[in-house]
S.K.: 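There's a structure below that I have some questions on.
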Protein chains: 2
Amino acid sequence: MADTDELLSIRAAELYYEENKTQDEIGTVLRLTRWKVGRLLAQAKASGFIRIEIVHPRARRLSIERRLREKTGLTDAIVVSSAGVTGDEELQSRTAQAAADYLAALRPVPRTLGISWGRTLHEVSLHVAQGWATGVNVVQINGGVSLNRRAGTAAATAVTIAHKGSGAATLLPSPAILEHLETKNAIEADRSVAAVLNLGATASAYLFSAGQADQNSALVDSGYLTAEQIAELVRKGAVGDVVGRYIDSTGNIVDPELDSRTVGIQLEQLRHAKTAVAVIAGSSKHAIARAVVGSGLCTVLVTDEETALAVLGDDS
Amino acid sequence: MADTDELLSIRAAELYYEENKTQDEIGTVLRLTRWKVGRLLAQAKASGFIRIEIVHPRARRLSIERRLREKTGLTDAIVVSSAGVTGDEELQSRTAQAAADYLAALRPVPRTLGISWGRTLHEVSLHVAQGWATGVNVVQINGGVSLNRRAGTAAATAVTIAHKGSGAATLLPSPAILEHLETKNAIEADRSVAAVLNLGATASAYLFSAGQADQNSALVDSGYLTAEQIAELVRKGAVGDVVGRYIDSTGNIVDPELDSRTVGIQLEQLRHAKTAVAVIAGSSKHAIARAVVGSGLCTVLVTDEETALAVLGDDS
DNA sequence: GTTTATGTTGCTCACCTGAGCATGAGCAGC
DNA sequence: GCTGCTCATGCTCAGGTGAGCAACATAAAC
């Protein structure tokens with residue numbers, strides 16, 4: 001009986017969804033009343049036999065967003081669908097697009113926006129809509145200019161976002177990590193750097209990404225850290241970095257000594273920010289995404305479907 | 001504008017399908033009238049952004065069935081969905097199930113049913129419902145008893161289907177292919193064999209499968225042909241076999257000499273049958289399925305989604 | 001400036017659909 | 001055998017939704 005009903009509900013679903021017949025017509029075909037058909041259809045939906053997917057680069061997964069808001073303390077969550085996606089490349093592009101859209105729709109429009117840098121943020125900057133704000137002040141919140149050609153993109157990211165928002169970019173003229181603590185203290189004390197750091201601390205919103213702890217990290221690429229140093233950090237429990245600071249799965253700094261030589265905003269400042277938007281996408285960033293959300297480093301998470309599910313713990 | 005509308009239609013679709021909101025509610029959220037929302041939704045559907053899949057082992061693809069009936073001359077077509085399928089194994093099992101269901105629902109119920117043998121038909125026999133007919137006569141239409149242990153299943157297939165239909169099985173006591181033409185003529189002339197062949201020729205319905213032309217063929221497994229012989233047949237244009245007879249993509253016999261040594265129903269008899277049900281599933285059988293349908297060897301095709309699309313020529 | 005062709009918008013209406021409710025069959029316990 | 005319970009069934013009714021239509025805006029052509 002239950003078996004017959006299941007089969008019937010599938011037949012009904014075929015006629016309803018694939019042939020666009022009305023429940024009444026289906027009733028005639030299957031010799032059922034239209035109410036029975038309605039109930040079978042409801043049953044098919046409830047049993048999960050009907051899968052509705054929105055296949056579009058800019059499609060979002062609202063149900064996952066809701067669950068994220070409810071289960072974590074996030075103010076907001078943006079989850080892009082990964083239906084029909086081919087690789088991590090596209091996933092990150094979609095997520096960057098979504099982050100750019102979110103930034104443009106953010107209310108109140110931030111007067112001062114603190115941003116980090118990296119491949120993700122750079123892509124976000126490319127997608128930000130022209131005229132997303134009027135007179136915004138974009139401030140870098142972690143060091144990274146110079147050192148090699150990659151650094152150019154860090155500045156470009158800030159400048160592009162600022163320009164598209166009819167504003168100005170304030171760059172942080174400092175390396176991300178210094179070799180000696182004294183140098184770091186000295187550079188932070190320098191007026192030009194201190195001023196930028198102070199401005200960053202007062203930003204009305206933050207937009208940043210996170211890096212996974214492996215040899216593909218942007219910090220390795222940029223020459224700030226070696227693959228060996230990363231391996232050592234991983235041994236100590238590091239899952240990734242936020243604004244250049246490596247954290248473990250609970251959100252704590254992994255290596256205080258290294259951290260003391262890192263120039264930029266403190267994680268506590270991010271934790272206390274009213275609006276901190278984290279953009280994290282890709283299968284390699286599940287762990288760091290979890291750590292960021294779990295330790296309250298952001299109030300808003302922009303991510304992809306799989307990463308969101310990992311944060312929710314649905315991948316077990 | 002078209003771009004804005006597209007994005008809007010995606011947002012609307014998300015709210016409609018994922019959040020189960022009414023079009024009116026969506027209108028309020030997106031600041032649109034409910035008619036505009038309705039139109040956006042229709043547009044999203046028409047553009048193919050909404051993909052509705054019925055995920056169930058026994059789900060069928062009615063739209064493909066309809067296209068098959070229209071584009072080819074088939075009386076009927078059964079296409080099982082391959083949504084969420086893991087391998088060819090499961091695909092064939094689903095298709096066999098569907099074929100069994102079709103047989104049970106066939107009207108008028110066949111008095112005499114001619115069947116071939118093979119892995120596919122054997123699986124169909126397992127799925128046929130108890131009591132699918134009352135007093136059916138199941139006749140083998142191509143040779144294959146004895147020769148090795150595999151042959152046992154050929155008899156079992158016929159017996160099982162007959163038994164479940166409260167009837168008797170009539171086996172064809174002959175090998176599939178004989179080495180010498182004289183032996184074949186002699187065996188065909190034998191009264192016990194001739195009687196079965198005559199009975200098979202008068203069957204009110206036929207149920208058969210088809211084999212691909214490669215070394216995995218059942219005819220190779222059974223020892224009737226060697227891998228080299230198959231290779232030679234392929235060189236001559238063979239795409240597969242139906243009731244032991246190898247055909248090319250246009251449905252013509254590839255090797256008349258070999259064919260003359262093959263015992264069983266003639267292809268022309270199948271072509272003139274009022275009801276000839278072909279059960280063909282799996283990625284390796286696309287070519288033979290195409291040949292069977294294209295040359296009118298069956299009036300009904302039971303297959304899987306991918307094979308059906310291949311028959312329709314949608315894989316180009 | 002006027003006209004015409006085209007596409008968009010908001011509406012009416014008829015139909016489709018889901019929720020809630022009354023009915024009656026089937027069944028276990030007394 | 002009767003009672004009370006559960007559950008499937010068919011119905012009423014209150015929305016929800018799509019087709020068709022008239023009004024309107026827009027833009028190209030005259």
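Atom set for the values below is all heavy atoms of this structure, side chains included, hydrogens, waters and symmetry mates excluded. Remember, predicted model here, so these are calculated numbers, not experimental data. Letters go in sequence order (proteins before strands), and every chain restarts at 1.
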S.K.: Determine, step by step, whether Arg67(B) and Glu70(B) satisfy the salt bridge (Lys or Arg N to Asp or Glu O under 4.0 Å) criterion, reporting the C-alpha distance in whole Å, the side-chain angles of both residues, the deciding distance to 0.1 Å, and the verdict.
M.R.: CA-CA 5 Å; Arg67(B) 278 164 58 205; Glu70(B) 284 166 7; over 6 Å; no
S.K.: For DNA chain C, whose closest nucleotide is more 5', that of Leu32(B) or that of Thr22(A)?
M.R.: Leu32(B)
S.K.: What is the distance, to the nearest angstrom, from the CD atom on Gln43(A) to the C1' atom on dA8(D)?
M.R.: 12 Å
S.K.: For a quick test of reading the model: is some side-chain N or O of Tyr16(B) closer than 4.0 Å to OP1 or OP2 of dG16(D)?
M.R.: no
S.K.: Apply salt bridge (Lys or Arg N to Asp or Glu O under 4.0 Å) to the pair Arg94(A) and Glu90(A), showing each step before the final yes or no.
M.R.: CA-CA 6 Å; Arg94(A) 287 187 177 192; Glu90(A) 194 181 346; 3.3 Å; yes
S.K.: Nearest whole angstrom, please: distance from the P of dG18(C) to the NZ of Lys36(A).
M.R.: 15 Å
S.K.: Quick one: CD on Gln97(B) to NE2 on His127(B), what's the gap to the nearest 0.5 Å?
M.R.: 4.5 Å
S.K.: How long is the line joining CD of Gln23(A) and P of dG18(D), in whole Å?
M.R.: 13 Å
S.K.: By the definition side chain to side chain donor-acceptor pair (under 3.5 Å), identify the one residue from Lys285(B), Arg119(B), Glu123(B) that meets it with Gln92(B).
M.R.: Arg119(B)
S.K.: Verify the contact: side-chain N or O of Thr33(A) to OP1 or OP2 of dG10(D), cut-off strictly under 4.0 Å; return yes or no.
M.R.: yes
S.K.: More 5' along DNA chain D: Arg34(A) or Arg39(A), using each one's nearest nucleotide?
M.R.: Arg39(A)
S.K.: Mind calculating the distance between CG (Leu30(A)) and C1' (dT9(D)) to the nearest angstrom?
M.R.: 17 Å
S.K.: Round to a whole Å and report the spacing from CG of Leu41(B) to C1' of dG16(D).
M.R.: 12 Å
S.K.: Rounding to an integer number of Å, can you tell me how far Asp24(A) CG sits from dG10(D) C1'?
M.R.: 13 Å
S.K.: Distance check needed: dC11(C) P versus Trp35(B) CH2, whole Å only.
M.R.: 4 Å
S.K.: Between P on dG10(C) and CZ on Arg31(B), what's the gap in Å once rounded to a whole number?
M.R.: 15 Å
